[in-house]
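Just so it is clear, the structure is predicted and the values come from calculations on it, not from any experiment.
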Amino acid sequence: MSSRDPGRERGRHPTPRPVGRRPAQRLFAAVLPPPSAVAELRTAVAPLRTLPAAQDLRWTRPEDWHVTLAFYGDVPDEDVRPELEARLGRAAHRTEPFRLRVHGAGHFGGRALWAGAAGGLDVLRLLAERADAAGRRSGVPQAEHRRFTPHLTLARSRTGAELRPFTEALAGFEGQGWEAGELSLVRSELPHSGVPGERPRYAVVRAWALGR
């Protein structure tokens, strides 16, 4: 057996591997609804899943429902995340708790079906602006800024679908109000199994109480 290092054959050198560094994590900031709000929305959404073409949509799990404030993408754990968390903590402490409720429905073209929000939307938008600024000032590369539309994504379509029957069925929904009192940093874990239709899983990395 040869004792030569194959990484040094023909002028090649082994690629050094970082020691003790954790990989980047796919992160976003969000407000999470309480279990009571999730339960009543789940009841309202159940009939939509029996409508024609419902089987062609990828329905999100109720336990994953949330209002995204800012999406950060892949954040280098060692380099950027500590600064991002510090700035999100300050953003939360500067923002007072506010009332929210799930209200009505809408869609983004034929790509996504969502439930809307009502209540303290001015404060929600302010918190979204602060979460977005926390990412930019921490050095997180972010896509072009888009107008904030508060929503909870219910289903998605890869090819584009006619979603008006779904939004019309949910248009009159009015959930009970709750107090939004936390800002959460959430990790999105993309599927690696290759199973068609498998959805990402979400886990709260850290949360901060508002106004404290």
Would V31 and L124 count as a side chain to side chain contact (heavy atoms under 4.5 Å, CB included) if you check the C-alpha gap in whole Å, the side-chain angles of each, and the deciding distance to 0.1 Å?
-> CA-CA 9 Å; V31 168; L124 179 63; 4.2 Å; yes

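- Proximity of a side-chain donor or acceptor of T60 to a complementary backbone N or O of L154 within less than 3.5 Å is detected.
- Atom CZ of R130 sits about 12.5 Å away from atom NE2 of H93, to the nearest 0.5 Å.
- Between R90 and W208 the shortest side-chain heavy-atom distance does not fall below 4.5 Å.
- Closest approach of P97 to G181, counting heavy atoms only: CB-CA, 4.3 Å.
- Through direct or relayed side-chain contacts under 4.5 Å between Ile, Leu, Val, Met, Phe, Trp and Tyr, L126 connects to no other residue.
- Residue pairs that meet the ring pair (Phe, Tyr, Trp, His ring centres under 6.0 Å) test with at least one member in residues 116-138, sequence neighbours left out, do not exist here.
- Residue T68 holds its OG1 atom at 8.0 Å from CZ of F148, rounded to the nearest 0.5 Å.
- Rounded to the nearest 0.5 Å, atoms CD (E189) and CZ (R201) are 9.0 Å apart.
- Annotation for L127 and A91: closest pair CD1-O, 4.3 Å, computed over non-hydrogen atoms.
- Residues E182 and L32 have side chains not in contact (no heavy-atom distance under 4.5 Å, counting atoms from C-beta outward).
- Annotation: side chain of L113 is in contact with side chain of L48 (closest heavy-atom distance under 4.5 Å).
- No side-chain donor-acceptor contact under 3.5 Å links Q176 to the backbone of W178.
- Residues L210 and V205 fall within the same hydrophobic cluster, defined by Ile, Leu, Val, Met, Phe, Trp and Tyr side chains chained together at heavy-atom separations under 4.5 Å.
- W65 has its side chain out of reach of V102: every pair of non-hydrogen atoms, C-beta onward, lies at least 4.5 Å apart.
- In plain terms, the two heavy atoms of S157 and G110 that are nearest each other are CB-O, 3.4 Å.
- A donor-acceptor pair under 3.5 Å is absent between the side-chain atoms of R81 and the main chain of Q25, judged by distance alone.
- Across all their heavy atoms, A117 and L100 have their closest contact at CB-CD2, 4.4 Å.
- Counting only heavy atoms from C-beta outward, the side chains of L170 and W114 never approach each other to under 4.5 Å.
- Annotation: the span from R187 atom CZ to F28 atom CZ amounts to 10.5 Å, rounded to 0.5 Å.
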Begin from the C-alpha positions of L163 and L57 and carry the test side chain to side chain contact (heavy atoms under 4.5 Å, CB included) through to its verdict.
-> CA-CA 10 Å; L163 297 177; L57 301 178; 4.0 Å; yes

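- Panel note: side chain S184, backbone V204; no donor-acceptor pair is recorded below 3.5 Å.
- Applying the side-chain hydrogen bond (donor to acceptor under 3.5 Å, both in side chains) test to every pair with at least one member in residues 97-107, sequence neighbours left out, gives these pairs: R101-E174, H103-E174.
- In this structure, the separation between CG on L88 and CG on L183 is 5.5 Å, given to the nearest 0.5 Å.
- Between V186 and L27, the closest side-chain pair of non-hydrogen atoms is not below 4.5 Å.
- The distance from the OH atom of Y72 to the CG atom of D132 is 7.0 Å, given to the nearest 0.5 Å.
- Taking 4.5 Å as the limit, every side-chain heavy atom of R61 sits out of range of all side-chain heavy atoms of Y202.
- Ionic pairing of E129 and R125 is not present here: no N-O contact between side-chain nitrogen and carboxylate oxygen is shorter than 4.0 angstrom.
- At least one donor-acceptor pair under 3.5 Å links the side chain of T43 to the backbone N or O of A39.
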